[in-house]
Amino acid sequence: MDSLHCVEENAELQTILKAIIIDDEARSRKALQLALNDYCPSVQIAAIAETPENGIEEIIKHKPDIVFLDVQMPGMSGFDLLSHFPEIDFDIVFITAHDHYAIKAIRFSALDYLLKPIQVDELMAAVKKAEEKKNNKHKNWQYKSLYENVRSNHNASGSIAVPTGDGLLFIKTQNIIRCEADGNYVIIYQAGKEKILITKTLGDIESMLNAKEFFRVHNSHLINLSHIKKYVKGDGGYVIMSDNSSVDVSRRKKEEFMQWLNVH
């Protein structure tokens, strides 16, 4: 009797995730469904949608805990789908095959994604994270930051959206003079504006900025190439920026940096 009671109690304690799969590829939908059924017993699939439009309807109808969302779909991307929801009160695991910028933007917003073909261990890890986050308040700024950065990239608007304590801050990339690493933070120096401190790594910022416009001259420094005033030779040398700040160029980066200068 006691053992039966324990089994019932453990069943009650198990986190159950109501899930929706949204993917336009039949093979991908089936593979994900089978993997979830076989390896993720906490996931109960409430609906499977073949189109983004149908996916929106299913989310409204079922109010899921988690949505497995394909990034690339005809007519409406997974990111566009999310823009239909002012507040996102469900977890999302993005599914993508090859969209490198989308992956960078997803990572920048600290969200989960799976690469096609889906690996079981990665799927199980994503579900485990969702179980742990189920009772926590979802951070809508993560999804808003993701959507805005993807939209900016597609529209070539030349801005990035970075999270702040009370929302999102939109920064024109042409105004960024340089970015400096400060532990787990980055200081962004702008032309004619106050510097900004954000909780991102320099690698995060670098991944969101155009490599043709910005150059990592040092482990701690990322500079806007259009804001260079002067390069001073030396062991690695240093550059003087438009705000008259000096930034060292590491010896390891000097040759690559000099090649860029000679080309331009």
Side-chain angles (χ1 to χ4, degrees), residues 69-72 77-80 82-83 92-116 119 122 125-126 129 139-165 167-191 195-228 239 241 247-250 252-253 256-257 259-260 263-264:
L69 180 60
D70 189 16
V71 170
Q72 299 96 355
S77 72
F79 305 124
D80 292 329
L82 293 180
S83 69
I92 300 167
V93 176
F94 294 95
I95 302 170
T96 184
H98 51 71
D99 192 331
H100 299 301
Y101 186 85
I103 292 171
K104 289 178 180 180
I106 292 168
R107 286 175 176 168
F108 184 78
S109 298
L111 296 166
D112 283 328
Y113 71 95
L114 298 172
L115 285 174
K116 295 182 180 180
Q119 303 298 310
E122 294 176 356
K129 285 183 185 178
K139 298 178 180 179
N140 277 278
W141 64 259
Q142 291 175 293
Y143 301 115
K144 291 176 181 176
S145 170
L146 170 63
Y147 178 71
E148 293 296 341
N149 283 324
V150 170
R151 188 181 67 167
S152 294
N153 178 64
H154 290 165
N155 295 338
S157 64
S159 65
I160 59 171
V162 297
T164 63
L168 291 176
L169 181 64
F170 295 85
I171 303 175
K172 290 287 186 183
T173 57
Q174 66 184 18
N175 292 335
I176 297 175
I177 299 173
R178 61 188 178 94
C179 303
E180 180 179 357
D182 185 11
N184 292 323
Y185 298 87
V186 171
I187 304 170
I188 299 177
Y189 295 86
Q190 300 183 90
K195 62 185 180 183
I196 303 167
L197 181 68
I198 63 171
T199 54
K200 289 289 177 185
T201 68
L202 194 58
D204 291 333
I205 300 297
E206 183 180 16
S207 70
M208 297 303 295
L209 295 171
N210 191 327
K212 295 179 180 179
E213 300 172 3
F214 289 82
F215 191 90
R216 185 89 170 256
V217 295
H218 191 279
N219 281 342
S220 301
H221 295 282
L222 178 70
I223 64 172
N224 187 334
L225 297 169
S226 65
H227 280 273
I228 296 175
V239 289
M241 304 301 292
V247 179
D248 289 333
V249 178
S250 70
R252 185 173 59 87
K253 287 285 189 176
E256 184 182 354
F257 182 61
Q259 287 176 353
W260 184 93
V263 169
H264 295 78

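On a predicted model such as this, the values are computed, not experimentally measured, just so you know. Residue indices begin at 1 and follow the sequence shown.
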Next item on the list: May I ask you to test the I205-F214 pair for a side-chain heavy-atom distance under 4.5 Å?
Entry: no
Check: With a 4.5 Å heavy-atom cut-off, do N219 and R252 have their side chains touching?
Finding: yes
Notebook entry, point to check: Would you call the rings of H218 and H221 parallel, tilted or perpendicular if under 30° counts as parallel and over 60° as perpendicular?
Noted result: perpendicular
Notebook entry, point to check: Does the side chain of I92 come within less than 4.5 Å of D112's, by heavy atoms?
Noted result: no
Checklist line | Point-to-point distance, once rounded to the nearest 0.5 Å, from CD1 of I171 to CG of L209 | finding: 9.0 Å
Note to self: What's the separation between atom NZ in K116 and atom CG in D70, rounded to the nearest 0.5 Å?
What the structure shows: 3.5 Å
Item checked: Nearest heavy atoms of A102 and V71, plus distance in Å -> CB-CG1, 4.2 Å
Margin query: Given L222, which partner from the list V186, V247, L202 fulfils the side chain to side chain contact (heavy atoms under 4.5 Å, CB included) test?
Written below: L202
Next item on the list: Please name the pair of heavy atoms, one in H227 and one in Q174, separated by the smallest distance, quoted to 0.1 Å.
Entry: NE2-O, 2.9 Å
Check: Would you say the side chain of R107 lies within less than 4.5 Å of the side chain of D204, judging by non-hydrogen atoms?
Finding: no
Check: E213 and T173: side chain to side chain contact (heavy atoms under 4.5 Å, CB included), yes or no, with the steps?
Finding: CA-CA 9 Å; E213 300 172 3; T173 57; 4.2 Å; yes
Next item on the list: Hey, could you give me the CZ/NZ distance between F215 and K253, rounded to the nearest 0.5 Å?
Entry: 5.0 Å
Check: Are side-chain heavy atoms of F108 and V150 found at a separation under 4.5 Å?
Finding: no
Margin query: Quick check: closest heavy atoms across I188 and C179, and the distance to 0.1 Å?
Written below: CG1-SG, 4.1 Å
Check: With no hydrogens and no angle check, is any side-chain donor or acceptor of N224 less than 3.5 Å from a backbone partner on N175?
Finding: no
Note to self: Can a side-chain donor-acceptor contact be found between D80 and S83 if the only test is distance below 3.5 angstrom?
What the structure shows: no
Checklist line | Distance (rounded to the nearest 0.5 Å) between M241 CE and R178 CZ | finding: 8.0 Å
Checklist line | Pairwise side-chain contact, I223 with F257, heavy-atom cut-off 4.5 Å (strictly under) | finding: yes
Next item on the list: Write down the atom of L146, the atom of I106, and the distance for their closest heavy-atom approach.
Entry: CD1-N, 3.6 Å
Notebook entry, point to check: Closest approach of Q72 and T96, non-hydrogen atoms and distance?
Noted result: NE2-OG1, 2.9 Å
Note to self: Once rounded to the nearest 0.5 Å, what's the spacing between atom CD of Q190 and atom NZ of K172?
What the structure shows: 12.0 Å
Checklist line | Student check: side-chain heavy atoms of L82 and L69 closer than 4.5 Å | finding: yes
